[in-house]
2 protein chains.
Amino acid sequence: MPGGYKFYRKKCFNPKKEFQGTTKELARFAKALAHPARIKILRFLSHSDFCYTGDFVEVLPMAQSTVSQHLKELKDAGLIIAREQPPRVSYCINHEAWQRAKMLFKDFFDALKTEEEQSQ
Amino acid sequence: MPGGYKFYRKKCFNPKKEFQGTTKELARFAKALAHPARIKILRFLSHSDFCYTGDFVEVLPMAQSTVSQHLKELKDAGLIIAREQPPRVSYCINHEAWQRAKMLFKDFFDALKTEEEQSQ
DNA sequence: AAAATTCATCGCAAAAATACGATAAAACTT
DNA sequence: AAGTTTTATCGTATTTTTGCGATGAATTTT
């Protein structure tokens, strides 16, 4: 018999909902950073007080509607804040979320045992 | 006239390919971390020298084939290394890539102007 | 009042990610 | 030799992401 897998059998549609806490939170932030356009947007914002939508459109190699969508995702993830300044909209970093994300990533990467620790 | 957009008109199919350098690199690492299962896998590995595929399967709320797929993505992103230990396969952190990612995220988050700097 | 600017949203298409079960390869056990 | 264990991969379905153009709302400019 070619064999199979025994206790591996699990039906678990939508496993993502099973995760909690910082695991979920970190993955959420990571997803927000998972596109180069969004990295660029955040980099831009982190170097200035604020930017208008148009500023990003000028600089990114994509249509205005697409840029708007990326801005929305960053907003939904909590990393940026929009402010109506008719007829324009300005964006800035959400410092609170930024610090939170910064800490989560730091703790995550710092958890790695050093090679010296491992060999002991 | 209801108006439209003038110089915004750009046709740029596949804008992702337009990005370069650390922007691309950081986005790539972020994408690898953009799923809670992969965060958990990496956390597990960062706390031990190595794990077998089966160890992850026992602990994650998803089918064995799905776990295998997530491991593949982490491997493709360079964050983990697989080693054949028949009949099993062990995985461990790729320390080099780990340090690289750690630095990229740190620099990224550290770039934010402090509120004091901003108000000046 | 008419035109222009700025931007989000809708509708849609294409691509990528997520997930499963089934299967097969490789090695180990009996 | 036959069966078991371990794991990656294939095929497929579903969902999510990415991207565009068109449109419309709000405001400013002419």
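Owing to the predicted nature of the structure, the values given are computational and were not obtained by experimental measurement.
- When the side-chain hydrogen bond (donor to acceptor under 3.5 Å, both in side chains) test is applied to A:T66, no partner is found at least two apart in sequence or on another chain.
- In this structure, A:Q64 atom CD and C:dA4 atom P are separated by 18 Å, rounded to whole Å.
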Got a list of protein N/O to nucleotides 12-18 of chain D N/O distances below 3.5 Å?
residue : atom : partner : partner atom : Å
D:dT17  : OP1  : A:K31   : NZ           : 2.3
D:dT18  : OP2  : A:R38   : NH1          : 2.9
D:dT18  : OP2  : A:R38   : NH2          : 3.4
D:dT18  : OP2  : A:E73   : OE2          : 3.4

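- Rounded to an integer number of Å, the gap from CD1 of A:I41 to C1' of C:dC7 is 14 Å.
- Rounded to whole angstrom, the span from the CD atom of B:E58 across to the C1' atom of D:dT6 amounts to 12 Å.
- Checking C:dT9, D:dT9, C:dC7 against the side-chain heavy atoms of A:Y52 singles out C:dC7 as nearest.
- Using a 4.0 Å cutoff on non-hydrogen atoms, the parts of residues 81-92 of chain B near DNA chain C are B:P86, B:P87, ordered by number.
- With the end axes of the helix from C:dA1-D:dT30 to C:dT30-D:dA1 each set by five pairs, the angle from one to the other reads 10° at 10° resolution.
- Remark: A:K16 engages no residue in a salt bridge (Lys or Arg N to Asp or Glu O under 4.0 Å) (not counting sequence neighbours).
- A salt bridge (Lys or Arg N to Asp or Glu O under 4.0 Å) check over residues 25-39 of chain B, counting only residues at least two apart or in different chains, returns the pairs B:E25-B:R100, B:R38-B:E73.
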Donor-acceptor list for residues 103-111 of chain B side chains, cut-off 3.5 Å, not counting sequence neighbours:
residue : atom : partner : partner atom : Å
B:K106  : NZ   : B:D110  : OD2          : 2.5
B:D110  : OD1  : A:K102  : NZ           : 3.0

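- In this structure, A:S65 has no side-chain hydrogen bond (donor to acceptor under 3.5 Å, both in side chains) partners at least two apart in sequence or on a different chain.
- Computed from coordinates, the B:L60 CG to C:dC20 P distance equals 11 Å when rounded to whole Å.
- Annotation: side-chain hydrogen bond (donor to acceptor under 3.5 Å, both in side chains) contacts of B:S68 (sequence neighbours excluded): none.
- The distance between atom CG of B:D76 and atom C1' of D:dT9, rounded to the nearest whole Å, is 13 Å.
- For B:T53, a side-chain nitrogen or oxygen approaches OP1 or OP2 of D:dA8 to under 4.0 Å.
- The distance from atom CG of B:D55 to atom P of D:dT6 is 10 Å, rounded to the nearest whole Å.
- Judged as a side-chain hydrogen bond (donor to acceptor under 3.5 Å, both in side chains), and not counting sequence neighbours, the contacts of A:D76 are A:K72.
- Pairs of residues two or more places apart, or lying in two chains, never qualify as salt bridge (Lys or Arg N to Asp or Glu O under 4.0 Å) while including a residue from residues 83-98 of chain B.
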